[in-house]
Asker: 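My questions all concern the structure below.
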Amino acid sequence: MTNYFRITAYYEKEDLSAIIDSNGMFEKLWQFSSYIVQKGLKVLEISNADNFLDVNTQLANKDTQHVLLRAVHKGKPEYIQQTIDDKNYKAVKVKDMIYVPNKTETI
């Protein structure tokens, strides 16, 4: 799962936040990040599938041609506390999608 990457980004000009996945389009995490920044978005969270935890969604199918817009909403992403297996994590929520960007960081 090393080529599955996730970014939470914010587009200040339109006050939009998004969760964007890449499953096979980029070889390295920095390439995906650079692509998102070139589109004018600010990267807020970035991780690969080995480091994040999905709360209410599943990984997307492999797609070597496209990035995958998983969630978008008006405003900045919401940071919430999420309990998984009796551990409390800092989670990110965009629209209805919630995930933990760093499963090694508990609160």
Side-chain angles (χ1 to χ4, degrees):
M1 207 48 69
T2 57
N3 285 21
Y4 197 110
F5 307 123
R6 177 167 292 159
I7 288 178
T8 301
Y10 180 68
Y11 186 55
E12 188 172 359
K13 195 181 222 183
E14 298 290 332
D15 188 30
L16 295 171
S17 53
I19 297 174
I20 308 162
D21 287 1
S22 171
N23 187 4
M25 186 172 168
F26 300 98
E27 186 176 321
K28 304 284 184 190
L29 190 57
W30 69 264
Q31 293 169 320
F32 183 31
S33 177
S34 177
Y35 175 82
I36 295 301
V37 170
Q38 288 174 5
K39 301 297 181 191
L41 288 89
K42 180 179 179 182
V43 173
L44 302 176
E45 303 288 344
I46 185 167
S47 53
N48 65 35
D50 295 333
N51 294 328
F52 67 78
L53 296 172
D54 278 316
V55 174
N56 64 349
T57 190
Q58 297 178 12
L59 298 179
N61 293 329
K62 188 168 186 106
D63 186 337
T64 59
Q65 302 298 312
H66 305 96
V67 295
L68 309 160
L69 182 61
R70 302 300 305 271
V72 66
H73 83 174
K74 191 82 167 158
K76 292 186 177 180
E78 184 179 351
Y79 286 89
I80 61 173
Q81 179 177 309
Q82 185 69 44
T83 303
I84 302 170
D85 296 329
D86 296 323
K87 293 180 184 175
N88 294 321
Y89 298 95
K90 178 181 89 170
V92 176
K93 180 178 180 185
V94 173
K95 196 170 182 177
D96 295 328
M97 185 174 174
I98 302 169
Y99 81 101
V100 173
N102 185 351
K103 68 182 181 183
T104 64
E105 248 182 60
T106 57
I107 55 174

Asker: Does any non-hydrogen side-chain atom of V43 lie less than 4.5 Å from one of L41?
Answerer: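 Counting from C-beta outward, L41 and V43 never come under 4.5 Å.
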Asker: Counting only heavy atoms not in K95, do more than 12 fall under 6.0 Å of its NZ?
Answerer: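 It does not: K95 NZ has 12 such atoms or fewer within range.
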Asker: Can you tell if the side chain of I20 reaches within under 4.5 Å of the side chain of R70, non-hydrogen atoms only?
Answerer: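 Not in contact.
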Asker: Less than 4.5 Å apart, side chain to side chain, heavy atoms only: is that true for Y99 and T57?
Answerer: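 Side chain of Y99 against side chain of T57, heavy atoms only: no contact under 4.5 Å found.
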Asker: L59 versus F52: any side-chain heavy-atom pair under 4.5 Å?
Answerer: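 The answer is yes, as the side chains (C-beta and beyond) meet within the 4.5 Å cut-off.
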Asker: Is the F5 to F26 ring centre distance short of 6.0 Å?
Answerer: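 Ring-ring flag for F5/F26: false, centres at least 6.0 Å apart.
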Asker: Would you say that Y79 contacts V92 through its side chain, given a criterion of any heavy-atom pair below 4.5 Å between the two side chains?
Answerer: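 Y79 vs V92: side chains touch.
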Asker: Count the heavy atoms of every other residue, nucleotide or ligand shown that sit under 6.0 Å from NZ of K74, and state whether that count exceeds 12.
Answerer: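 For K74, atom NZ is crowded (more than 12 foreign heavy atoms under 6.0 Å).
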Asker: Evaluate the side-chain proximity of N56 to K93: yes if any heavy-atom separation is below 4.5 Å, no if none is.
Answerer: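 Result no, sub-4.5 Å side-chain heavy-atom pair not found.
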Asker: Tell me, please, which residues at least two apart from K90 pass salt bridge (charged side-chain N to carboxylate O under 4.0 Å, His left out).
Answerer: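 Residues passing salt bridge (charged side-chain N to carboxylate O under 4.0 Å, His left out) with K90: E45.
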Asker: Which atoms form the tightest heavy-atom contact between N61 and L68, and what is the distance?
Answerer: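 Between these two residues, the closest heavy atoms are O-CD1, 4.1 Å.
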Asker: Find out whether V55 and V100 are in side-chain contact, i.e. whether some heavy atom of one side chain is under 4.5 Å from a heavy atom of the other.
Answerer: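 The answer is yes, as the side chains (C-beta and beyond) meet within the 4.5 Å cut-off.
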